[in-house]
Amino acid sequence: MSRLVLAGIVRRFGPRGRQATALDGVDLAVTAGETVALVGESGSGKTTLARIAAGLDRPDAGTVTLDRVPLLGPGGRVAAAARAAVQMVFQDPLASFNPRRSVGEAVALPLRLHLGLPRRAREARVAELLAAVGLDPALGRRRPQALSGGQLQRAAIARALASEPRILICDEPVASLDVSVRAHVLNLLARLKAERGLGLLFVSHDLGVVARIADRTAVMYLGRIVEEAPGRALFAAPRHPYTAALAAAVPDARIPWRERPLAAVAEGEMPGPFAIPAGCRFRPRCPRAVAACAATDPALAPVATGWRAACIRAGEDSAVAPVAMAGPAGYMSS
């Protein structure tokens with residue numbers, strides 16, 4: 001069973017002496033057949049980590065391995081086998097396609113580069129891939145700008161599947177889509193994962209979606225994972241105040257704001273990688289901070305089976321009452 005492992009990942013940006021640390025010693029693993037969600041505010045490092053996992057960016061420290069083989073070979077280039085095995089679906093489907101190529105040509109490119117299929121075999125396989133994601137194969141003759149957002153994201157998924165990957169990295173894949181279209185794309189990903197045994201690393205801001213699709217969820221804040229837990233348990237009783245703050249801030253038409261646990265919502269904004277606070281980096285916004293938080297930079301530590309949190313008060317009761325997570329209409333209602 002394939003396994004993508006990121007260990008001790010550090011990524012810095014900027015000139016020497018004025019560098020910002022976007023990722024600070026991140027450990028994460030994705031196994032074929034599971035969905036690992038990565039959540040957190042904008043600027044927390046989610047996309048940077050996803051790009052490193054896909055081999056589109058290089059870490060300054062740490063390792064990325066696929067089945068214990070380094071993703072990056074000599075010279076820092078991704079090995080051909082690894083590039084085929086780990087594919088990415090981007091947030092903006094239109095920006096990820098060459099406007100001068102037809103959709104079919106874009107889907108066929110990995111078939112030529114990774115599998116070496118001849119032209120007739122590529123054409124047949126493109127039709128199969130488009131049909132597999134619910135598209136009329138005739139749409140392959142059109143340019144990307146002629147398709148709707150939902151159709152184009154399905155085509156992007158078909159292109160990612162062309163190299164027969166084992167791990168699929170999805171960076172906010174439904175953020176730019178209408179709610180009804182989101183449900184169809186998410187159901188498609190769930191079906192493909194089940195049918196093909198794919199491992200999914202799913203980056204999202206939508207906790208309602210994450211609560212329903214994730215086998216495991218990792219919460220990022222200022223370049224670190226601060227909590228990681230299986231299934232819906234993370235949102236039912238969060239152990240880290242930041243996770244509780246995210247859950248408390250989720251919009252939900254069924255629960256009026258006056259009845260929400262607003263005391264748990266974090267105040268202010270995330271300071272950014274140039275101004276990481278001393279001690280616990282969430283301390284200035286934390287409603288549960290105590291004096292010891294200013295002197296302690298907590299590492300992820302086990303709090304239950306399969307559950308880790310980076311908080312000195314993680315062993316206490318949850319900081320917020322459970323918040324109902326409303327997913328998109330029509331998606332895996334359970």
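If you read the sequence from its start, that first residue is 1, and numbering goes on from there.
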Chemist: Is the backbone N or O of Arg141 less than 3.5 Å from a side-chain atom of Ser102, with the two atoms forming a donor-acceptor pair by type?
Modeler: no
Chemist: Find the distance between CG (Leu66) and OG (Ser2) and round it off to the nearest 0.5 Å.
Modeler: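 Between Leu66 CG and Ser2 OG, I get 5.5 Å after rounding to 0.5 Å.
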Chemist: Could you state the interatomic distance from CG (Leu192) to CG (Asn187), rounded to the nearest 0.5 Å?
Modeler: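 Rounded to the nearest 0.5 Å, the CG-CG separation comes out at 11.0 Å.
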Chemist: Just say parallel, tilted or perpendicular for the rings of Phe282 and Tyr221, cut-offs at 30° and 60°.
Modeler: perpendicular
Chemist: Looking only at atom types and distance, does a side-chain atom of Arg159 sit under 3.5 Å from a main-chain N or O of Ala106, one as donor and one as acceptor?
Modeler: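 No.
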Chemist: State yes or no: do Val36 and Phe202 share one hydrophobic cluster built from I, L, V, M, F, W and Y residues joined by side-chain heavy-atom distances below 4.5 Å, directly or via other members?
Modeler: no
Chemist: Return yes if some donor-acceptor pair links the side-chain N/O of Asp57 with the main-chain N/O of Ile52 below 3.5 Å, else return no.
Modeler: no
Chemist: Examine distances only and state if a side-chain atom of Asp67 and a backbone atom of Val69 form a donor-acceptor pair shorter than 3.5 Å.
Modeler: no
Chemist: With side chain to side chain contact (heavy atoms under 4.5 Å, CB included) as the criterion, how do Arg182 and Asp206 come out once you've worked through the C-alpha distance, each side chain's angles and the decisive distance to 0.1 Å?
Modeler: CA-CA 11 Å; Arg182 290 182 191 184; Asp206 192 330; 3.7 Å; yes
Chemist: Identify the heavy atoms of Pro298 and Cys311 that sit nearest to each other, and give their distance.
Modeler: CB-N, 3.9 Å
Chemist: Determine yes or no for a side-chain-to-main-chain donor-acceptor pair under 3.5 angstrom, with Gln151 supplying the side chain and Leu135 the backbone.
Modeler: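 Here the side-chain-to-backbone pair does not exist.
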Chemist: Do you know the tightest heavy-atom contact between Ala289 and Cys293?
Modeler: CA-SG, 4.0 Å
Chemist: Decide whether Asp92 and Ser176 meet the rule of one side-chain donor and one side-chain acceptor closer than 3.5 Å.
Modeler: no
Chemist: Say whether Val185 and Leu94 are linked into one hydrophobic cluster, either directly or through other cluster members, by side-chain heavy-atom distances under 4.5 angstrom.
Modeler: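 Yes, one cluster joins them.
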Chemist: Between Asp215 and Leu200, is any pair of side-chain heavy atoms under 4.5 Å apart?
Modeler: no
Chemist: So, does Gln153 use its side chain to make a donor-acceptor pair with the main chain of Phe90 at under 3.5 Å?
Modeler: yes
Chemist: With sequence neighbours left out, what residues match Arg191 under salt bridge (Lys or Arg N to Asp or Glu O under 4.0 Å)?
Modeler: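 Scan of Arg191 (salt bridge (Lys or Arg N to Asp or Glu O under 4.0 Å), adjacent residues dropped) gives Glu195.
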Chemist: I'd like to know if Arg120 pairs up with Glu123 as an ion pair, taking the criterion as any Lys NZ or Arg NE/NH1/NH2 lying under 4.0 Å from an Asp or Glu carboxylate oxygen.
Modeler: no
Chemist: Under the rule for side chain to side chain donor-acceptor pair (under 3.5 Å), what residues qualify as partners of Asp60, not counting sequence neighbours?
Modeler: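 Expected list: Arg11.
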Chemist: Give me the atom names and distance for the closest heavy-atom approach of Ala54 to Met88.
Modeler: CB-SD, 3.8 Å
Chemist: Would a 4.5 Å heavy-atom cut-off, applied to side chains only, mark Cys280 and Ile312 as touching?
Modeler: no
Chemist: Could you check whether any side-chain heavy atom of Pro277 comes within less than 4.5 Å of a side-chain heavy atom of Leu222, counting everything from C-beta outward?
Modeler: yes
Chemist: Looking at CG of Leu71 and CZ of Arg58, how far apart are the two atoms once the value is rounded to the nearest 0.5 Å?
Modeler: 11.5 Å
Chemist: Within a strict 4.5 Å, meaning less than it, do heavy atoms of the Val64 and Leu72 side chains meet?
Modeler: no
Chemist: Identify the heavy atoms of Val107 and Leu129 that sit nearest to each other, and give their distance.
Modeler: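 So the minimum-distance heavy-atom pair works out to CG1-CD1, 3.9 Å.
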Chemist: Distance check, rounded to the nearest 0.5 Å: Glu128 atom CD versus Leu161 atom CG?
Modeler: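 Rounded to the nearest 0.5 Å, the CD-CG separation comes to 12.5 Å.
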Chemist: Looking at CG of Leu38 and CZ of Arg216, how far apart are the two atoms once the value is rounded to the nearest 0.5 Å?
Modeler: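 Result: 10.5 Å between the selected atoms.
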Chemist: Taking the side chain as C-beta and beyond, is there a heavy-atom pair between Glu105 and Asn98 under 4.5 Å?
Modeler: no
Chemist: Between Leu130 and Leu117, is there shared hydrophobic-cluster membership here, with clusters defined by ILVMFWY side-chain heavy atoms closer than 4.5 Å?
Modeler: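 Per the 4.5 Å side-chain linkage, Leu130 and Leu117 are co-clustered.
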Chemist: Evaluate the side chain to side chain contact (heavy atoms under 4.5 Å, CB included) criterion for residues His240 and Val219: first the C-alpha distance (whole Å), next the side-chain angles of each, then the deciding distance (0.1 Å), finally the verdict.
Modeler: CA-CA 9 Å; His240 196 285; Val219 181; over 6 Å; no
Chemist: Check the pair Met220 / Leu23 against side chain to side chain contact (heavy atoms under 4.5 Å, CB included), numbers first and verdict last.
Modeler: CA-CA 10 Å; Met220 290 198 72; Leu23 297 173; 3.6 Å; yes
Chemist: If I take atom CD from residue Glu41 and atom NZ from residue Lys46, how far apart are they, to the nearest 0.5 angstrom?
Modeler: 8.5 Å
Chemist: Which heavy-atom pair separates Ala175 from Gln91 by the least distance, and what is that distance?
Modeler: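 Closest approach of Ala175 to Gln91, heavy atoms only: CB-NE2, 3.8 Å.
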Chemist: Any non-hydrogen side-chain atom of Leu139 less than 4.5 Å from a side-chain atom of Val103?
Modeler: no
Chemist: Indicate yes or no for a side-chain donor-acceptor contact from Arg281 to the backbone of Ile276 under 3.5 Å, with no hydrogens or angles considered.
Modeler: no
Chemist: Taking all non-hydrogen atoms of both residues into account, name the closest pair between Ala37 and Ala214 and its distance.
Modeler: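 The pair with the smallest heavy-atom distance is CB-CB, 3.7 Å.
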Chemist: Would you indicate whether Arg3, at its atom CZ, is surrounded by more than 12 heavy atoms from other residues, nucleotides or ligands within a distance under 6.0 Å?
Modeler: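 Counting other residues, nucleotides and ligands, CZ of Arg3 exceeds 12 neighbours.
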Chemist: Less than 4.5 Å apart, any side-chain heavy atom of Arg224 and any of Asp297?
Modeler: yes
Chemist: With no hydrogens and no angle check, is any side-chain donor or acceptor of Asp178 less than 3.5 Å from a backbone partner on Ser180?
Modeler: no
Chemist: Out of curiosity, does Leu207 fall in the hydrophobic cluster containing Met270 (side-chain heavy atoms, cut-off under 4.5 Å, transitive links)?
Modeler: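 Hydrophobic grouping puts Met270 with Leu207.
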Chemist: Begin from the C-alpha positions of Leu189 and Thr35 and carry the test side chain to side chain contact (heavy atoms under 4.5 Å, CB included) through to its verdict.
Modeler: CA-CA 10 Å; Leu189 287 170; Thr35 298; over 6 Å; no
Chemist: Examine Leu168 and Val30 and state if one hydrophobic cluster contains both, with Ile, Leu, Val, Met, Phe, Trp and Tyr joined whenever side-chain heavy atoms are less than 4.5 Å apart.
Modeler: no
Chemist: Thinking salt bridges, do Asp27 and Arg308 make one under a 4.0 Å N-O criterion?
Modeler: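 No, this pair does not count.
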Chemist: Check salt bridge (Lys or Arg N to Asp or Glu O under 4.0 Å) between Glu227 and all other residues, then give those that pass, not counting sequence neighbours.
Modeler: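 Once residues adjacent in sequence are excluded, Glu227 has no partner under the salt bridge (Lys or Arg N to Asp or Glu O under 4.0 Å) criterion.
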